[in-house]
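On a predicted model such as this, the values are computed, not experimentally measured, just so you know. Naming convention: chains lettered A, B, ... in sequence-line order (proteins, then strands); numbering from 1 in each chain.
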Amino acid sequence: MSETQPQSQRPELPPSWNPAEVEGELYQRWVDRDYFTADPSSDKPPFSIVLPPPNVNGSLHMGHALNHSVMDALSRRRRMQGYEVLWLPGMDHAGIATQNAVERDLAGQGLSRHDLGRERFVERVWEWKAEVGGRILDQMRRVGDSVDWSRERFTMDEGLSLAVQTMFKKLFDDGLIYRAERIINWCPRCQTALSDIEVDHSDDEGELVSIRYGEGANSIVVATTRAETMLGDTAVAVHPEDERYRHLVGTEVELPLTGRRIPIVADDHVDPAFGTGAVKVTPAHDPNDFEIGQRHGLPSLTVLDGRGVLTVPGPFEGLDRFEARPAVVAALREQGRIVAEKRPYLHSVGHCSRCDTVIEPRLSLQWWVKVAPLAKAAGDAVRDGRTKIHPPELAKRFFAWVDDMHDWTISRQLWWGHRIPVWYGPDGEVVCVGPDEQPPTGDGWHQDEDVLDTWFSSGLWPFSTLGWPERTTELERFYPTTVLSTGYDILFFWVARMMMFGLYAMDEVQPFDNVYLHGLIRDANGKKMSKSRGNGINPLDWMDSYGTDATRFTLLRGANPGSDMALAEEWAAGSRNFVTKLWNATKFALGNGASIDIPLPARENLTDTDRWILDLLDRTVSEVDGHFEGYQFAKLCDALYHFIWDEYCDWYLELAKVQIAEGGERAEATRAVLGHVLDVVLRLLHPIAPFVTETLWTTLTGGESLVVAEWPKPSGAEPDLVAAKRIESLQKLVTEIRRFRSDQGLRPGQKVAGRVRGACCADLVDHVASVRALTRLEEPGDDYQVTMTLEVGLPTGAVKVELDTSGAVDLVAERKRLTKDLAVAEKELAQCDGKLDNPKFTDKAPAEVVAKIKARREAAVVEIERITARIDSLPTA
RNA sequence: GGGCGCGUAGCUCAGCGGGAGAGCAUCGGUCUUACAAACCGAGGGUCGCAGGUUCGAAACCUGCCGCGCCCA
């Protein structure tokens, strides 16, 4: 397997960690060695991960950086565990966004796509893609993504396009694709239909105008936020139970400004409490009105064109909808028909998710996917556990969406995308052409002008990228994929569509076994990062300033499943500090001869300290594994951070100095432990922070690469609880002495003569040297004079520490310190007594809880006695 | 309007029936030979409010207040 260089030939560690200088080189080395290339013929268990394909024109934002950190961490761990990992990279063609970008480009030269014509325009988009598209792929390299570049795909590739056509034909033949004239979301700027989820709703300030239709007793007042559409009204609707209007139902009123007479109809869906309880009905320009129109056989009158310009002959013809609105209101006001006006009036308005233009509901003929059966299958796959959603709470959201999903408009009035494979004949024939069929030719035959929604093709991604519709070995081996990771806001975009299509195309086999949903990235104030707010942080800036490892660690450390995370620069700086800490610790260990070449001595030949850190390491390995399995990235990072910084660096390294100073076998054993712990911990951290761990680990071990190193397992040793207790005592004793020193104003580095008494009674004989070293106690000389004695209660017993503080002791500080300790102990005693004096507690609480409280009480009593005695013995100032 | 989620230290969040925690920030002290991007020490919370269940509630139930998200 991997070759290991002898210690003498291993590279020296550079004096400091400069991520920017080495990350690119390290990454390229991994790629060159084909570590990330999947081998479908291997006999390893498969692990495959779906990259939600980013837009060809997109660039990396924090959400991507988080998601890619997640996917990479998962992939790297599995690779180390011996799985055959396939993480396949690629992009989608982003129909609307890309066409917009190229059209903007053309506009700069005074051209429109129509000047070029369809064919030339599409060529131009391909050129654009080659020149400026795909920036995000380079950025993925910066993140360190361990993707298989040899399998990169693009939704407009030949193979994936074939998959699209195959899927369309299959759905069409099964009656799941149909063509219908309905109200759709139309973007007057992008000039295309949009599906419901491509529309964002916001509460905007508008106006609510009440208009009187008709005259005298027969008149009726309607309230509207869209006065300009009244020109297309074909009815007024009221609720059937509404007493106010019952007499008018069935009559007609004259529609102002037009002279047309329109009926008053009764419809259940009218809300009698809204406005006047009467609504104007414009079937061609409002989805609800369209439905009312359908129910009552009303005509649909289109009065706005695709640009949102009024087309009704007369004074308003040619006015844009937003100019027409005040103009129509003014004309109505002149006739005395405006009964009330409310401005500003806050109401929900749909905007194009691509360009933010206000959506125009528009009656038009489009292709649709009948989603009910597909959506039901998607819901069932989650319901019966074939696909698990992490965290499970979010499954509710998925069901809510999938169980009440409207049909999906899939045609887009664009040129960039997969053209709808339907041909229309001279006599009204409609022929859907499959991938192996020839389209009909001859006079009068022509192909549908529209293309498919980009999500139609990205919905196929989990299997089209593996070669579907062919049954390739890749497909056999890597489908269903193991996990899809994405933000919960994208649940309905990728997840729902991939689920529907995957189950349908792959004989009811789900596209992924797991869906991990992370939270949204917010700024330090909890506001969502967005371009319009200008509060976005560019992950590449962080990678430049703090390194990729620190950036990844920051993101993953904040990733609690399903909940959002707030980010600020300090977070990244903190992670950078952590990486630096690890660097320095390794440097120290190596400088002291830490090595993996020294065999780890048998446990009985190790010290308490060694066994303690090895046991903690075992626990950390188990914790990290558990958290990986549960997608608990924040906890995983915390476990590693805590172990490395608080246990290994703050305690073990300091204690190791003492052991190394002993020399001989003790020093040699310590070097083995130092090296072993580092080796394991670097492996554990590698999926999170691949670059720095690779650098440190190859230096430490001379191994080929951590990418292909083995994932650690717990040693299986029984934890030494006695050693753990002694170390706990040691730590407490050290802290107490330091606290005293600090309270007495002694400098941390200042040596103080002193002795530890009673170590044997506290079972700490072997640890006195360490305590002395960590608290800077020096051997008493001839002039030794005990000026202060500390009594410290420890888990293993009590010890006395004598100190020569060479001078007056600050008695006020010492009294304060003891008084504080006394208060803590007294509070503890009171708490315990409170419980134990309650017979209900002693009767009903479990015996072990009662025993525990009793033990705590005893400890508190002893503590109080000791402290009280100390206070009493202090000379009064 | 319907649904979901969240209110715990100054900030960001863990904890989700038996001793209030972490990171960052704050305060005091230190260049103690891996690390001042560090070390040592310290302070800081009626766990949103009000009831209830329980021997025991930050946690479970109900109501209220505040915030956020999704859908209409």
Side-chain angles (χ1 to χ4, degrees), chain A residues 13 15-17 196-197 201 271 273-274 287-288 348 391 393-394 396-397 399-401 404-406 488-489 491-492 519-520 522-528 546 550 554 557-558 560 562-592 594 632 634-635 637-638 641-642 645-646 649-650 653-654 656-657 734-751 773-776 817 820 827-828 831-832 834-846 848-850 852-853 855-856 859-860:
Chain A
L13 213 52
S16 63
W17 174 237
D196 293 344
I197 54 172
H201 292 272
D271 176 7
F274 175 78
N288 293 321
S348 177
E393 302 92 82
L394 282 170
K396 274 183 263 176
R397 249 192 207 202
F399 297 139
W401 168 260
D404 183 31
M405 197 172 170
H406 300 291
Y488 66 74
D489 56 328
L491 187 60
F492 311 133
L520 274 31
R522 298 173 179 278
D523 68 12
N525 302 313
K527 294 269 180 272
K528 202 167 160 177
Y546 304 108
T554 304
R557 197 183 190 190
N560 285 303
S563 63
D564 295 350
M565 76 178 81
L567 285 183
E569 191 118 3
E570 303 97 271
W571 282 220
S575 301
R576 184 264 325 263
N577 295 353
F578 173 58
V579 168
T580 308
K581 187 78 183 174
L582 179 66
W583 179 271
N584 285 320
T586 309
K587 200 172 73 178
F588 166 80
L590 288 170
N592 281 279
Q632 299 278 359
K635 287 177 184 157
C637 290
D638 269 340
Y641 185 96
H642 179 250
W645 202 314
D646 302 338
C649 292
D650 283 354
L653 290 190
E654 295 305 323
K657 288 175 187 174
V734 166
T735 303
E736 283 301 312
I737 298 171
R738 284 172 174 170
R739 188 159 78 101
F740 169 80
R741 293 179 52 124
S742 183
D743 286 347
Q744 289 295 322
L746 295 162
R747 282 180 290 106
Q750 189 180 326
K751 301 272 193 199
L774 267 60
T775 56
R776 312 277 158 195
R817 194 172 73 87
K820 203 177 106 190
K827 191 180 166 196
E828 172 80 354
Q831 261 180 10
C832 293
K835 290 190 179 196
L836 294 169
D837 291 349
N838 182 353
K840 287 177 182 169
F841 171 76
T842 45
D843 290 351
K844 295 195 175 182
E848 64 266 27
V849 172
V850 177
K852 199 169 146 191
I853 299 292
R856 275 173 52 192

Legend entry - Donor-acceptor pair present, A/Glu828 side chain and B/G19 base, under 3.5 Å: yes

Legend entry - Nearest-Å distance once atom C1' is located in both B/C47 and B/C40: 31 Å

Inset, instruction - Give A/Asn560 one of three labels, base, sugar-phosphate or nothing, depending on what nucleic acid heavy atoms sit under 4.0 Å from its own. - result: sugar-phosphate

Legend entry - Distance between P atoms of B/G7 and B/C16 (Å, rounded): 13 Å

Inset, instruction - Pick the C1' atom in B/U33 and in B/U46, then give their distance to the nearest Å. - result: 50 Å

Inset, instruction - Let me have RNA chain B in dot-bracket notation, would you? Count Watson-Crick plus G-U wobble pairs, both distances under 3.5 Å, and use [ ] for pairs crossing earlier ones and | for inter-strand partners. - result: ((((((((.[[[[.)..(..]]]].(((((.......))))).....[[[[[..)....]]]]]))))))).

Inset, instruction - Give, for atom CZ of A/Arg776 and atom CZ of A/Arg747, the distance between the pair rounded to the nearest 0.5 Å. - result: 11.5 Å

Inset, instruction - List the atom of A/Trp17, the atom of A/Trp583, and the distance in Å for their closest heavy-atom pair. - result: CE3-CZ3, 3.4 Å

Inset, instruction - Nearest whole angstrom, please: distance from the P of B/A22 to the OH of A/Tyr641. - result: 12 Å

Legend entry - With sequence neighbours excluded, residues passing salt bridge (Lys or Arg N to Asp or Glu O under 4.0 Å) with A/Lys657: A/Glu654

Inset, instruction - Can you sort out the partners of A/Arg856 under salt bridge (Lys or Arg N to Asp or Glu O under 4.0 Å), two or more places apart, ordered by chain and number? - result: A/Glu828

Legend entry - Rounded distance in Å between the C1' positions of B/G18 and B/C13: 24 Å

Inset, instruction - Check every strand shown and say whether A/Leu653 touches a base, only sugar-phosphate, or nothing at a heavy-atom separation below 4.0 Å. - result: base

Inset, instruction - Could you say whether A/Arg557 or A/Asp404 is positioned toward the 5' end of RNA chain B, judged by the nucleotide with the nearest heavy atom to each? - result: A/Arg557

Inset, instruction - Determine the Euclidean distance between corresponding C1' atoms of B/G1 and B/A59; express it in Å to zero decimal places. - result: 32 Å

Legend entry - Any donor-acceptor pair under 3.5 Å from A/Arg817 side chain to A/Gln744 backbone: no

Legend entry - Sugar-phosphate only, base, or nothing, as touched by A/Ala400 at under 4.0 Å among non-hydrogen atoms: nothing

Legend entry - Rounded C1' spacing from B/C69 to B/G15 in Å: 24 Å

Inset, instruction - For A/Gln632, check side-chain contact (heavy atoms from CB on, under 4.5 Å) against everything at least two apart and list the hits. - result: A/Pro561, A/His627, A/Lys635

Inset, instruction - For residues A/Asn560 and A/Ala634, report the shortest heavy-atom separation together with the two atoms involved. - result: OD1-CB, 3.2 Å

Legend entry - Proximity to the side chain of A/Cys649 - top-ranked nucleotide from B/G18, B/A34, B/A22: B/A34

Legend entry - A/Asn584, nearest nucleotide to its side chain (from B/A34, B/G23, B/G18): B/A34

Legend entry - C1' atoms of B/A14 and B/A20, separation to the nearest Å: 12 Å

Legend entry - Inter- and intrachain pairs under salt bridge (Lys or Arg N to Asp or Glu O under 4.0 Å), touching residues 568-577 of chain A, at least two apart: none

Inset, instruction - Report the distance from atom CZ of A/Phe841 to atom C1' of B/G19, rounded to the nearest whole Å. - result: 11 Å

Inset, instruction - Would you indicate what A/Asn838 reaches in the nucleic acid, counting non-hydrogen atoms under 4.0 angstrom: base, sugar-phosphate, or nothing? - result: sugar-phosphate

Inset, instruction - Just call it for A/Pro839: base, sugar-phosphate, or nothing, with non-hydrogen atoms closer than 4.0 Å on any strand. - result: nothing

Inset, instruction - Would you indicate which nucleotide in B/C55, B/U32, B/A34 comes nearest to any side-chain atom of A/Arg776? - result: B/U32

Inset, instruction - Find the distance A/Asp489:CG to B/G5:P and express it as a whole number of Å. - result: 18 Å

Inset, instruction - Quick one: label A/Arg741 by what it contacts on the DNA or RNA (base, sugar-phosphate, nothing), any heavy atom closer than 4.0 Å. - result: nothing

Legend entry - Heavy-atom closest contact (A/Leu394 atom, A/Leu491 atom, distance): O-CD2, 4.1 Å

Inset, instruction - Between B/G44 and B/C49, how far apart are the C1' atoms? Round to whole Å, please. - result: 23 Å

Inset, instruction - Going 5' to 3' through nucleotides 38-44 of chain B, assign each nucleotide B (protein heavy atom under 4.0 Å from a base atom), S (under 4.0 Å only from sugar-phosphate atoms) or - (no protein heavy atom that close). - result: SSSSSS-

Inset, instruction - Would you indicate which nucleotide in B/G23, B/C55, B/A34 comes nearest to any side-chain atom of A/Asp646? - result: B/G23

Legend entry - A/Arg747 side chain, from C-beta outward: closest of B/U30, B/A20, B/G18: B/U30

Legend entry - Sugar-phosphate only, base, or nothing, as touched by A/Ser563 at under 4.0 Å among non-hydrogen atoms: sugar-phosphate

Legend entry - Value in whole Å for how far the P atom of B/U30 lies from CD of A/Gln744: 15 Å

Inset, instruction - Can you see which heavy atom on A/Leu653 is nearest to which on A/Ala585, and at what distance? - result: CD1-CB, 3.8 Å

Legend entry - Criterion side chain to side chain contact (heavy atoms under 4.5 Å, CB included) on A/Tyr488 and A/Leu520, from CA distance to verdict: CA-CA 8 Å; A/Tyr488 66 74; A/Leu520 274 31; 3.7 Å; yes

Inset, instruction - Take A/Glu654 and A/Lys635, find for each the nucleotide of RNA chain B with the closest heavy atom, and name the residue whose nucleotide sits nearer the 5' end. - result: A/Lys635

Inset, instruction - Measure from CG on A/Leu394 to P on B/C6 and round the result to the nearest Å. - result: 11 Å

